[in-house]
Visitor: 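What follows is a single structure, and I will ask about it in a moment.
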Amino acid sequence: MRLSQYFLPILRETPKEAEIVSHRLMLRAGLIRQESAGIYAWLPLGLRVLNKITAVIREEQNRAGAIECLMPTIQSADLWRESGRYEAYGKEMLRICDRHEREMLYGPTNEEMITEIFRSYVRSYKDLPLNLYHIQWKFRDEVRPRFGVMRSREFLMKDAYSFDITPEAGQHSYNKMFVAYLRTFARMGLTAIPMAAESGPIGGSLSHEFIILADTGESEVFCHKDFLTFKAPPENIKFADEQALKSIVDKWTSLYAATSEMHDSQAFSLIPEEARVSARGIEVGHIFFFGTKYSEPMKAVVSGSDGKEIPVQMGSYGIGPSRLVAAIIEASHDEAGIIWPDSIAPFQIGIANLKVGDSSTDKVCEALAQQFENAGFEVLYDDRDERPGAKFATLDLIGLPWQILVGPKGLAEGRVEVKRRQTGERELLTPEEATQRIVAALRQVAA
RNA sequence: CGGGGUAUAGCGCAGCCUGGUAGCGCAUCUGCUUUGGGAGCAGAGGGUCGCAAGUUCGAAUCUUGCUGCCCCGACCA
């Protein structure tokens, strides 16, 4: 992609409303634009990142056996009256009326709807287990939206719903999602710690929040420092193997970790002092097991092997991709701008032509861009008629992992400069070496 | 929802106290010179001063009401 043909409205100055670094950088790098309080338009670069994140989530959900569908954003109030949550949800729910004066709502979550879908088709225990998920926009009318997409009113959510015949089978479904979440966040370069959590309006007895540590996090969290060195489960993990999953979940829940609402200072004080971590955290995922909370009132039942109808055991599993964009920036940035992990960068490679119009730089830049694109990588080629300094600043701000700087000085020696955004390391290489170096590194990420 | 703040060009701000019809920096456009870490000079365009009512010969400025947005607290993917 040629930058001169792209839409990348970067801001040199920071809009005053942005308090935290991720919000500032998202506005400056042209990722989002606020349209109302807590409501954002996703600009091209931001959408690319969002799509990268949802792609990783999809891969890991599918790997864990969840099946994708797509439910609507608008739901009927009647559905929510069945579960009793229409009244219970309060003012967080955006309620609207259609032209026939029918009461509708913009969905804050989808337990009712998925239960309705499930009960209309599934009759037998033989069709279980089942886990359906979708990635859809949600609306929660927060009293005070803030921090950009970190706490917005409209936000993208991946929500999965599991159905099982027994609580034990339900626990296994829960464990599958637990393990999938560990892998998902690790692939985005994040260390997410599962913490005992309150289940809030979703309800249920068993619940974990996945928290990443960050100074600007909204919640106060407490955990054992060994979590920071745990390795995520491998790609070839067998999701059908109950024992294997259980041992992973046991390991990740064996040490103390809790949000402030669930904090037990007594238990925390038993940890050796040097191993105690007291920090702030960002919630990037939340999983629940709530048994028959919805299946009972909404009559989502299946016939068991004895022919008797029993309500299904359910769980739900959320990840906020839009919030993750901000969370990743909080975890990975410097003075100059964003530092995207290779796995979710909007473009993997940025090429800066330091002297547009110079036949040698033009030629080399175009050849490089072409080669990377042919090899299946995404390239942003800065072919604007700008000064070198402005190009360096732009590339650093938008945080592409690999930069290739092509100027007449270097080319006189037959060299271009390859810069790794993450470390700031620079190397002078021939264009051929540069291509090989970057392709090899990126292939490793993909593998 | 309580408390506080703010609204002037795309962005950041001054002007308001003490009324006389709007200015600065960045960005944008044109030209020339520049070209390896956000260039210089010259010129140009762009604003119903959040909205409404009021006071006044005259309102960005004073008064009242409304709205948007931001911050602090209680709630949350």
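Below, chains carry the letters A, B, ... as their sequence lines are ordered, and counting in each starts from 1.
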Visitor: Can you measure A:His134 atom NE2 to B:rA77 atom P for me and round it to whole angstrom units?
Guide: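 Those two atoms, NE2 and P, are 16 Å apart.
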
Visitor: Searching all strands shown, indicate the nucleotide that pairs with B:rG10 (Watson-Crick or G-U wobble; both distances under 3.5 Å).
Guide: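 Across all strands, the one nucleotide that pairs with B:rG10 is B:rC26.
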
Visitor: So A:Trp42 and A:Trp137, would you call those rings parallel, tilted or perpendicular, with 30° and 60° as cut-offs?
Guide: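 Plane angle between 30° and 60°, so tilted.
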
Visitor: May I ask you to decide if the ring planes of A:Tyr161 and A:His134 are parallel, tilted or perpendicular, using 30° and 60° as cut-offs?
Guide: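 Tilted, since the angle between the ring planes falls between 30° and 60°.
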
Visitor: For B:rG73, what is the paired nucleotide under Watson-Crick or G-U wobble rules, both distances under 3.5 Å?
Guide: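 For B:rG73, the partner nucleotide comes out as B:rC1, under the 3.5 Å rule.
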
Visitor: Give the ring-plane orientation class for A:Phe347 versus A:Tyr6, where under 30° counts as parallel, over 60° as perpendicular and anything between as tilted.
Guide: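 Ring orientation, 0 to 90° scale: perpendicular.
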
Visitor: For B:rA22 versus B:rG37, give the span between their P atoms, rounded off to a whole number of Å.
Guide: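 About 43 Å, rounded to a whole number of Å.
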
Visitor: Nearest-Å distance, CG (A:Leu190) to P (B:rA77)?
Guide: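 Between P of B:rA77 and CG of A:Leu190: 18 Å.
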
Visitor: Once you apply a heavy-atom cut-off of 4.0 Å, does A:Ser152 come out as touching a base, just sugar-phosphate, or nothing?
Guide: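 Since a base atom lies under 4.0 Å of A:Ser152, the category is base.
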
Visitor: Taking CG from A:Leu27 and C1' from B:rC70, how many angstroms apart are they, rounded to a whole number?
Guide: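 In whole Å, B:rC70 C1' and A:Leu27 CG are 13 Å from each other.
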
Visitor: Rounding to an integer number of Å, can you tell me how far A:Ile39 CD1 sits from B:rG68 C1'?
Guide: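 The answer, rounded to whole Å, is 13 Å.
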
Visitor: Heavy atoms within less than 4.0 Å of RNA chain B: which residues of residues 63-81 of chain A have one? Give them sorted by number.
Guide: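 Correct list: empty, so none.
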
Visitor: With rounding to whole Å, what would you report as the distance between B:rA60 and B:rG50 at their P atoms?
Guide: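 The same atom, P, in both gives a distance of 10 Å.
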
Visitor: A:Ser173 and side chain to side chain contact (heavy atoms under 4.5 Å, CB included): which single residue from A:Phe163, A:Tyr317, A:Phe289, A:Phe178 fits?
Guide: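 Filter result, single survivor: A:Tyr317.
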
Visitor: May I ask you to evaluate whether A:Arg144 reaches the phosphate of B:rC75, defined as a side-chain N or O under 4.0 Å from OP1 or OP2?
Guide: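 It does not, given that no N or O in the side chain of A:Arg144 lies less than 4.0 Å from OP1 or OP2 of B:rC75.
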
Visitor: Which part of the nucleic acid, if any, lies within contact of A:Glu13, taking any heavy atom under 4.0 Å across all strands shown: a base, the sugar-phosphate backbone alone, or nothing?
Guide: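 Counting heavy atoms under 4.0 Å across all strands, the contact made by A:Glu13 includes a base.
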
Visitor: Using the C1' atoms only, state how far B:rU35 lies from B:rC71, rounded to an integer number of Å.
Guide: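 Rounded to whole Å, the distance is 43 Å.
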
Visitor: Taking atom P in both B:rA14 and B:rC29, what distance in whole Å separates the two?
Guide: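 Looking at atom P only, B:rA14 and B:rC29 are 28 Å apart.
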
Visitor: Taking for each residue the nucleotide of RNA chain B with the nearest heavy atom, is it A:Leu156 or A:Gly38 whose nucleotide lies nearer the 5' end?
Guide: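 Nearest-nucleotide comparison on RNA chain B picks A:Gly38.
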
Visitor: Counting the atoms with a prime plus P, OP1 and OP2 as sugar-phosphate, which does A:Glu92 contact under 4.0 Å by heavy atoms, base, sugar-phosphate, or nothing?
Guide: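 A:Glu92: no heavy atom of the nucleic acid under 4.0 Å.
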
Visitor: Rounding to an integer number of angstrom, what distance separates B:rU67 and B:rG31 when you compare their P atoms?
Guide: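 Straight-line distance between the two P atoms is 49 Å.
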
Visitor: Is any side-chain nitrogen or oxygen of A:Gln34 closer than 4.0 Å to OP1 or OP2 of B:rC70?
Guide: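 True: A:Gln34 side-chain N/O within range (under 4.0 Å) of B:rC70 OP1/OP2.
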
Visitor: Who does B:rG54 pair with, Watson-Crick or G-U, both distances under 3.5 Å?
Guide: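 Across all strands, the one nucleotide that pairs with B:rG54 is B:rC62.
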
Visitor: Is the ring pair A:Phe288/A:Phe290 parallel, tilted or perpendicular, if the boundaries are 30 and 60 degrees?
Guide: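 Tilted.
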
Visitor: Between B:rC70, B:rA77, B:rC71, spot the one nearest the side chain of A:Ala37, thanks.
Guide: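 Looking only at heavy atoms from C-beta outward on A:Ala37, the closest nucleotide is B:rC70.
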
Visitor: Figure out the NE2/C1' separation between A:His23 and B:rC71, and round it to whole Å.
Guide: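 Rounding to the nearest Å, NE2 of A:His23 and C1' of B:rC71 are 13 Å apart.
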
Visitor: So what does A:Lys16 touch, heavy atoms closer than 4.0 Å: a base, only the sugar-phosphate, or nothing?
Guide: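 Sugar-phosphate: the residue A:Lys16, judged by heavy atoms under 4.0 Å, touches backbone atoms but no base.
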
Visitor: State, with a plain yes or no, whether a side-chain heavy atom of A:Tyr89 is found less than 4.5 Å away from one of A:Arg140.
Guide: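 A:Tyr89 reaches A:Arg140 side chain to side chain.
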
Visitor: Between A:Arg421 and A:Trp402, is NZ or CZ placed under 6.0 angstrom from the six-membered ring centre and within 45° of the ring axis?
Guide: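 No, A:Arg421 and A:Trp402 do not form such a contact.
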
Visitor: For A:Glu17 and B:rG50, give me the distance from atom CD to atom P, rounded to whole Å.
Guide: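 Nearest whole value for this atom pair: 17 Å.
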
Visitor: What is the distance, rounded to the nearest whole Å, between atom CD1 of A:Ile57 and atom C1' of B:rA77?
Guide: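 Checked: the CD1 to C1' distance equals 11 Å.
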
Visitor: So, A:Glu283 and A:His286: side-chain donor and acceptor under 3.5 Å apart, yes or no?
Guide: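 Present: a donor and an acceptor within the cut-off.
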
Visitor: Taking the C1' atom in each of B:rU61 and B:rA44, what is the distance between them to the nearest angstrom?
Guide: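 Rounded to whole Å, the distance is 30 Å.
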
Visitor: Can you check the distance between B:rC49 and B:rG20, where both ends of the measurement are the P atom (answer in whole Å)?
Guide: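 About 15 Å, rounded to a whole number of Å.
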
Visitor: Grab the OH-C1' distance between A:Tyr133 and B:rA77 for me, whole Å please.
Guide: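 One finds 17 Å between C1' of B:rA77 and OH of A:Tyr133, rounded.
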
Visitor: Look at the aromatic rings of A:Tyr256 and A:Phe268 and report parallel, tilted or perpendicular, splitting at 30° and 60°.
Guide: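 Tilted: the ring planes of A:Tyr256 and A:Phe268 meet at 30° to 60°.
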
Visitor: If you take all heavy atoms of A:Ala369 and A:Ile351, which pair is closest and at what distance?
Guide: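 Residues A:Ala369 and A:Ile351, closest heavy atoms: N-CD1, 3.6 Å.
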
Visitor: Please state the P separation for the pair B:rC41 and B:rU55 - nearest whole angstrom.
Guide: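 Straight-line distance between the two P atoms is 50 Å.
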
Visitor: Could you let me know what B:rC32 is paired to, Watson-Crick or G-U wobble, both distances under 3.5 Å, or none if it's on its own?
Guide: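 Base partner found: B:rG40.
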
Visitor: Can you work out whether A:Lys91 or A:Glu19 has the more 5'-proximal nearest nucleotide on RNA chain B?
Guide: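 Here A:Lys91 is the residue nearer the 5' end.
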
Visitor: Heavy atoms, side chains only, cut-off 4.5 Å: are A:Tyr133 and A:Ile57 in contact?
Guide: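 The answer is no, as the side chains (C-beta and beyond) never meet within the 4.5 Å cut-off.
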
Visitor: Treat primed atoms plus P, OP1 and OP2 as sugar-phosphate and everything else as base, then score nucleotides 35-41 of chain B 5' to 3': B for base contact with protein heavy atoms under 4.0 Å, S for sugar-phosphate contact only, - for none.
Guide: SBBBB--

Visitor: Please tell me if A:Arg146 has a side-chain N or O lying less than 4.0 Å from either OP1 or OP2 of B:rC71.
Guide: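 Answer is no, no contact under 4.0 Å.
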
Visitor: Can you tell me the pairing partner of B:rC17 across any strand shown, Watson-Crick or G-U wobble, with both distances under 3.5 angstrom?
Guide: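 Per the H-bond distance test, none.
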
Visitor: Would A:Lys138 pass as a cation-pi partner of A:Tyr106, given that its NZ or CZ must be under 6.0 Å from the six-membered ring centre and within 45 degrees of the axis?
Guide: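 Not satisfied by the 6.0 Å and 45° rule.
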
